[in-house]
Structure formats: structure tokens, C-alpha cells
Amino acid sequence: MALNPSFALSQILGIDNTLVVTDTSTGSDVLVVSRRVSLQIDTGGYLVPSGNPSSQYISWALADTSISLAVLNQDYAIQVTVDWLDAGGSALYTSTTLTDTTQYLEQEAFNLVESESSDPSILQDDNYLMNALRLRKNIDDANIAVSMWGNITVSQSALNRGTYLVQNANCFF
Amino acid sequence: MLTIPQIISVAKLSQVITDDKLAKSGLFNSPKIDPSLPFLIYRVRKSVEWMYGKDPNYPTLRQVANYLYSICPYSAQALAIINNGGSPITPTTPTIIKSPIPIFGSDFATATAWNGQNSDSISIRSTYTLQVFWNDIQRFLQEGTEWNRTSSGIEIINNGTTITGFDALTNPDYSLYIYISL
């Protein structure tokens with residue numbers, strides 16, 4: 001019976017730098033002996049863990065249903081590709097998806113709301129509210145760019161704008 | 001106390017209602033509404049939704065959800081819409097009634113009674129209004145003097161003046177048209 005390749009992506013709350021890839025394939029193929037993952041970003045480069053032997057591929061043992069990739073120093077729009085390999089290293093099956101990670105930005109957005117709930121007076125500061133809305137808009141723009149338009153560059157631009165706000169939070173919030 | 005999903009639903013409706021009130025406030029000189037309020041509701045609601053999807057038991061989520069509820073104006077109206085909303089309706093294919101339908105003497109049950117038998121398989125409901133055109137004499141028949149409505153069709157009246165000797169059993173080729181209106 002042939003393999004019907006598929007995978008799912010997720011992030012764990014509190015571990016913003018990690019992307020979890022889970023194999024959700026159905027069927028089987030005895031010729032498949034290993035897997036590999038590649039995470040391509042808008043510049044054409046690839047995200048790999050530090051010390052990874054390859055600059056493009058991350059090996060994923062067949063025995064592991066999921067793999068945690070600690071590669072995110074910020075939020076990224078990523079073309080994720082998983083190859084199911086034979087003994088010779090050739091890809092027998094491939095599955096690809098375009099996604100964006102937003103946990104860094106979403107966590108900051110929640111932190112802001114959390115602070116507001118304790119002290120709503122901050123909302124009197126027009127700059128604060130405008131920048132908080134900008135953060136939300138950047139998150140939404142990034143999501144829509146990949147989910148509706150498949151545009152990795154536009155998505156990454158929005159994530160970068162949001163990241164700038166977050167990394168300079170003392171100026172904007 | 002509302003559940004967090006309920007608060008999220010209220011926030012969605014409250015945002016829309018506030019937007020609508022905002023749009024109309026300038027026209028009708030209504031009490032002024034903060035134009036940033038729908039945006040505030042939106043961004044707080046999105047954060048609550050995100051965290052609820054990640055961890056419904058996050059320690060401060062209830063506090064933040066309550067805050068979201070507190071900034072939602074028209075929450076009573078939103079709750080009324082949520083609680084009184086109906087369920088989706090599956091549209092049914094409408095029944096189109098052909099009119100007129102041809103009937104013949106052979107469709108009559110007795111010499112003068114027609115009980116709805118027709119080749120178009122139209123069910124003649126008692127609520128339908130009928131008109132009878134007798135093709136053989138090229139005119140509509142007068143209800144009450146030449147025919148009467150029955151629960152399932154019509155009864156021809158042999159009144160001895162305008163209609164005499166009507167007998168569908170011996171005249172299966174009689175041709176009539178029944179006009180149907182609701």
C-alpha cells in the first residue's frame with residue numbers, strides 16, 4: 001500500500017522558538033526508511049538548528065512521530081517541505097505547505113491586553129493604542145498573506161514590522 | 001458568569017453593533033461613540049481567542065476575558081441575539097403547480113364528479129381556488145350554477161338550462177381545463 005504523505009505544524013505555548021512538525025501520513029511504504037524537513041524563508045535561505053550538518057535539510061528519524069525544531073529567533077513565514085526517503089536518500093514522497101509562525105507576536109499582543117485588564121488607564125495614551133492596533137494588524141496581515149494569497153514575502157514583511165514593535169516595546173508600548 | 005467562548009461571541013456581535021452605531025451617530029446626532037472602540041474590542045477578542053485555543057486554563061485568561069466583556073458595549077443586545085438566534089434553515093425546492101391542467105371525461109369518478117384525477121399528477125388541495133373551462137363549449141363555467149367546488153375537485157351541475165345531460169362516464173372524451181390558483 002502506498003504512503004499518503006501529510007504533516008501538521010504546531011507551536012507550544014511558552015516555547016516561542018520551536019516549531020513542531022508531526023507526521024500525519026496514512027498508509028505505509030516499506031521502501032521509506034527516513035525523512036527530512038526543510039524550512040525555506042522568503043530570502044530563499046533555510047532555517048536549521050545550530051550545528052546542523054546540512055544548511056538546508058534537517059534529518060527526521062522514522063521512529064519519531066514528531067520533531068521539535070528550535071530554529072525561530074522571531075516569527076517567520078516558511079515554506080515547509082517534508083520528504084520521505086528511501087535507502088539511497090531519494091525522495092519517494094514529498095509534502096509541502098506555506099505557513100507563518102506568529103507566537104512571538106501573539107504572545108506580546110496577549111501580554112499587552114493582560115496589562116490593560118489590570119490597568120485600563122493605559123488606553124488613554126493614543127500612541128499606545130495605535131501601536132497596539134498596529135501589532136494586531138501586522139499579525140493579521142501576515143496570516144492573510146499566506147492563507148489567502150500564498151505570498152511569503154508580504155507575510156514576512158508584516159511579521160518583521162510586528163517584530164520591530166515587539167523588540168522596541170519600551171518605545172512603542 | 002459567562003464562559004470564555006460566550007464572551008468571545010458577545011465581543012464579535014458587540015463589535016459589529018458598535019460599528020453600526022458609530023456609522024449612524026454622525027447622521028442622527030446620537031451620543032458620541034469612541035471611534036477606536038471597535039478596534040479595541042477586535043484586538044482584545046483576537047488575543048483571547050488565541051490564548052483560549054492554546055491553553056484554555058492559562059492563569060490570566062479568565063481575567064483578560066472578563067476585561068474583554070467589560071469593554072463591550074451593547075452586550076445585552078448581543079446576548080439577546082445569541083440566545084434568541086435560530087438554527088440554519090435548509091431551503092427546500094419549491095413546488096411549482098402547473099396551471100391550467102387538462103382533464104377529460106375519463107378522469108371523472110362519476111358522471112359529474114371530478115375528484116382531482118389528472119395526468120400531470122397535480123394534487124388538488126381543498127385550499128386551491130379553481131376555475132373550470134369546458135373546452136367543448138369554449139367558455140368558463142359559472143361556479144355555483146354550473147359547477148360546485150368539492151374538497152378534492154369539482155361537481156358539474158346539470159342545471160337544465162345552461163348545462164344539460166353532462167355525463168362524463170358516457171363521454172370520456174370531454175375536454176376541460178382546470179385553472180388553479182393558491
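Each chain gets a letter, A, B and so on, in the order its sequence line appears, and its residues count up from 1. Side chains included, hydrogens not; waters and symmetry mates left out as well; all remaining heavy atoms used.
- Using a 4.5 Å heavy-atom cut-off against chain B, no residue of residues 151-160 of chain A qualifies as contacting.
- Transitive grouping of hydrophobic side chains (ILVMFWY, heavy atoms separated by less than 4.5 Å) keeps A:Leu85 and A:Val48 in distinct clusters.
- Hydrophobic clustering, with ILVMFWY side chains joined whenever heavy atoms are under 4.5 angstrom apart, groups A:Trp60 together with A:Val80.
- With a 4.5 Å cut-off on non-hydrogen atoms, A:Ile139 does not touch chain B at all.
- Both the backbone and the side chain of A:Leu133 come within contact range of chain B, each with at least one heavy atom under 4.5 Å from a heavy atom of that chain.
- Hydrophobic clustering of Ile, Leu, Val, Met, Phe, Trp and Tyr side chains at less than 4.5 Å, counting indirect connections, keeps B:Val10 apart from B:Val16.
- Note on B:Leu22 and B:Ile41: same hydrophobic cluster, where clusters join Ile, Leu, Val, Met, Phe, Trp and Tyr whose side-chain heavy atoms are under 4.5 Å apart, directly or indirectly.
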Can you list the donor-acceptor atom pairs spanning chain A and chain B that come in under 3.5 angstrom?
| from | atom 1 | to | atom 2 | distance (Å) |
| --- | --- | --- | --- | --- |
| A:Gln11 | O | B:Lys54 | NZ | 2.7 |
| A:Gln103 | OE1 | B:Lys54 | NZ | 2.9 |
| A:Glu114 | OE2 | B:Thr60 | OG1 | 2.3 |
| A:Glu116 | OE1 | B:Arg43 | NH1 | 3.4 |
| A:Glu116 | OE1 | B:Tyr67 | OH | 3.0 |
| A:Glu116 | OE2 | B:Arg43 | NH1 | 2.9 |
| A:Glu116 | OE2 | B:Arg43 | NH2 | 2.7 |
| A:Ser117 | OG | B:Gln63 | NE2 | 2.7 |
| A:Ser118 | OG | B:Gln63 | NE2 | 3.0 |
| A:Asp140 | OD2 | B:Tyr42 | OH | 2.5 |

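- Across A:Leu135, A:Leu112, A:Leu13, the residue that shares the most heavy-atom pairs under 4.5 angstrom with chain B is A:Leu13.
- Cluster membership check: A:Leu98 does not share its hydrophobic cluster with A:Leu39, using side-chain heavy-atom separations under 4.5 Å among Ile, Leu, Val, Met, Phe, Trp and Tyr.
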